[in-house]
Amino acid sequence: MFSFIIFLAIITTILAFIGFDMITHFSGLVNFIGAVALGVGVFLTFKPNKKKQISLDLDDSENSKLLQESYQKALEDYNYIKGSLKYIKDSELKMQLQEMQKVSSNILRYLQKHPEKISLARRFIDYYQDTVAGLIEKYVEIENTQLNTENVNDIKERTKSTLFGLSNAYTEQFEKLINDQLMDMDAELKVMENTIKADGFDVKKHDDYDKEVNSGFSYRRKNNMCNRPMKKMRWKLKNLPEKFFDSDEVLRKKLIAGGLGILFGGFGAHKFYLGKTFMGIFYLLFSWTGIPFIAGFIEGIRYLFMDKDDFYHKFLDNMNRG
């Protein structure tokens, strides 16, 4: 497969050079550079993705190796489920799985930052994610049969119900992982509450505050200040602001995309590299105008100076989800 992709890139380069030479008035060197850029774009678009293991901040002990293996298994299951989404035709089930993937992604982010807690996530890694992957595989096989019998439809509905229950289990597992942090927050808030009371202030709501909340605010506080952060943490389990990427890999892709934008941006090489095939073709078709070269150069500079977090979330994360 890899040899075929190289062959395809070479053929594309040759044909593109001939085509540019026939329809453009550029010099042979410019046409050659454009043809090479297109060939590189084809190669980068169709090359197989290598599975790179994310190294965790662990020592070299045997237990640490087991934790690393467990995390890698969880990551592989996550990627398998993500890749299977495009084969799910049922929109309701697909939406449910996407929500589960958000929670799963945040669990993996959390474990990447706190690898010592991987052992507490054994049930999530060895059972829940593995079960979901297996169910999706069987569901796709059944769906591909295109049978519409009562038994098949019943199995499909039961699969959706089971996955809905597993979605709740994902959230519960995540809450168990961060339980010590919730307890720490609870303890700190109680100390703060007692300190405020000792200083003569009241931490509970007043009637005038309730009127203000009811009249203008978009949220309500039904319990005292101590309980609010606990509930807020539960509501935001799906949106923890933690990173889930290999920092060195993001930097490498950022530099490559920036370099391609500066050198071959007029031919859309950087767009092809980032998986934006349509925009790459658009740049290529209008390369004769010279405008894509200017736009590509500016975008290349922007990529180089872009923060790694921003670059990942704007380009790589969306590309991975797709």
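Only this structure's heavy atoms are used, side chains among them; waters, hydrogens and symmetry mates stay out.
- Counting only distance, with no hydrogens or angles, the side chain of Ser161 and the backbone of Glu157 share a donor-acceptor pair below 3.5 Å.
- Heavy atoms of other residues, nucleotides or ligands lying less than 6.0 angstrom from CZ of Arg158 number 12 at most.
- Contact check on Asp90 versus Lys160 returns a salt bridge, with a Lys/Arg side-chain nitrogen under 4.0 Å from an Asp/Glu carboxylate oxygen.
- Proximity of a side-chain donor or acceptor of Asn179 to a complementary backbone N or O of Glu175 within less than 3.5 Å is not detected.
- You'll find the side chain of Phe305 stays beyond 4.5 Å of the side chain of Lys254, heavy atoms only.
- Shown here is Lys73, whose NZ atom has more than 12 heavy atoms of other residues, nucleotides or ligands within 6.0 Å.
- The two residues Ala257 and Leu274 make their nearest non-hydrogen contact at CB-CD2, 4.1 Å.
- Within the 3.5 Å criterion, the main-chain N or O of Leu108 finds a donor-acceptor partner in the side chain of Tyr71.
- In this structure the side chain of Val132 reaches within 4.5 angstrom of the side chain of Tyr170, judged on heavy atoms.
- The main-chain N or O of Met279 is never found under 3.5 Å from a side-chain atom of Lys271 such that the two would form a donor-acceptor pair.
- Exactly one residue among Lys82, Gln129, Gln173, Arg109 makes a side chain to side chain donor-acceptor pair (under 3.5 Å) with Ser104. That residue is Gln129.
- Each of Met306, Lys253, His270 was checked for a side chain to side chain contact (heavy atoms under 4.5 Å, CB included) with Phe315, and the lone residue meeting it is Met306.
- Among the candidates Lys102, Lys94, Met100, the single residue satisfying the side chain to side chain contact (heavy atoms under 4.5 Å, CB included) test with Gln98 is Lys94.
- The aromatic rings of Phe282 and Phe278 lie parallel to each other, their planes meeting at an angle below 30°, with 60° marking the opposite boundary.
- For the 3.5 Å distance criterion, the side chains of Glu172 and Tyr128 fail to qualify, holding no donor opposite an acceptor.
- For Ser167 and Glu99, the side-chain atoms include no donor-acceptor pair closer than 3.5 Å.
- Between the side chain of Asn194 and the main chain of Lys190, a donor-acceptor pair closer than 3.5 Å is present.
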